[in-house]
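Report on one structure; see the data block that follows.
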Amino acid sequence: DQQVKQNSPSLSVQEGRISILNCDYTNSMFDYFLWYKKYPAEGPTFLISISSIKDKNEDGRFTVFLNKSAKHLSLHIVPSQPGDSAVYFCAASGGNDMRFGAGTRLTVKP
Amino acid sequence: EAQVTQNPRYLITVTGKKLTVTCSQNMNHEYMSWYRQDPGLGLRQIYYSMNVEVTDKGDVPEGYKVSRKEKRNFPLILESPSPNQTSLYFCASSFGTGGYGYTFGSGTRLTVV
């Protein structure tokens, strides 16, 4: 039962353009949503989070948007840089655990 | 440097031979957790621990054991490994759940033949 879904396995964008990564969830009891970035041969690294009571959180080039009615969140990266090329995991937290999506591989082309 | 250290990074073993993957964190985090990553399935939680001597099952606990005798250590034990436990394993720690991001270790790639 995958409660957090990332339906796009991969995304390719040009350097300098916007990257938009999407995530859907099914459990309305989640109270925090997070994004992690993962490079090969490394563990995931926490990127940004948002509380369920907010609809937007911004940190530099990274912005997360939450649409609770649609049970959907997205991560915007502007402008995209080649160093952003990685796998991005969406996660949702509620209670004592954190559920992860399957990940989206972002490739930023120079 | 604040970090989560897992050992070993790579391990090939045979079916039924008990093994332990160690995990240690130096951030005084109360919460620790083990995940496995499989293609198309993302990260699935195996076990977690809210504090010393407090552990609980995650989504896929079958075939695994854990212990939390000290705050910094959270070993993952496979008493009788089977090929379906071939996976990439990550240990993580945090001050708590909710909006706290986890700090992950670098991973242990386990192959059971």
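Every chain is numbered from 1, with letters handed out A, B, ... down the list of sequences. These figures come from a predicted structure and were not determined experimentally.
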Residue [X] excluded, over 12 heavy atoms near [atom1] under 6.0 Å:
{"X": "Lys71(B)", "atom1": "NZ", "value": "yes"}
{"X": "Arg17(A)", "atom1": "CZ", "value": "no"}
{"X": "Arg61(A)", "atom1": "CZ", "value": "yes"}

Inset, instruction - Decide yes or no for Met98(A) and Tyr100(B): does some side-chain heavy atom of the first lie under 4.5 Å from some side-chain heavy atom of the second? - result: no

Could you tell me which non-hydrogen atom of [X] sits nearest to which non-hydrogen atom of [Y], and how far apart they are?
{"X": "Ser49(A)", "Y": "Gly99(B)", "value": "OG-O, 3.7 Å"}
{"X": "Leu43(B)", "Y": "Pro44(A)", "value": "CD1-CG, 4.1 Å"}
{"X": "Gly40(B)", "Y": "Ala102(A)", "value": "O-CB, 3.6 Å"}

Legend entry - Tyr36(A), part contacting chain B, at a heavy-atom distance under 4.5 Å: side chain

Shared hydrophobic cluster, [X] / [Y] (ILVMFWY, side-chain heavy atoms < 4.5 Å):
{"X": "Tyr64(B)", "Y": "Tyr35(B)", "answer": "no"}
{"X": "Leu34(A)", "Y": "Leu106(A)", "answer": "no"}
{"X": "Val87(A)", "Y": "Ile77(A)", "answer": "no"}
{"X": "Phe62(A)", "Y": "Phe65(A)", "answer": "no"}
{"X": "Ile50(A)", "Y": "Val4(A)", "answer": "yes"}

Inset, instruction - Name the member of Phe33(A), Phe30(A), Phe100(A), Phe89(A) that forms the most heavy-atom pairs with chain B at distances under 4.5 Å. - result: Phe100(A)

Inset, instruction - With a 4.5 Å cut-off on heavy-atom pairs, point out which of Ser51(A), Ala41(A), Pro9(A) contacts chain B the most. - result: Ala41(A)

Legend entry - Structural part of Asp59(B) lying under 4.5 Å from a heavy atom of chain A: side chain

Legend entry - Aromatic ring proximity, centroids under 6.0 angstrom, Phe46(A) and Tyr102(B): no

Inset, instruction - Would you confirm whether Arg99(A), through its side chain, and Gln45(B), through its main-chain N or O, come within 3.5 Å as a donor-acceptor pair? - result: no

Inset, instruction - Pick whichever of Arg44(B), Arg109(B), Gln37(B) has the most heavy-atom pairs under 4.5 Å with chain A. - result: Gln37(B)

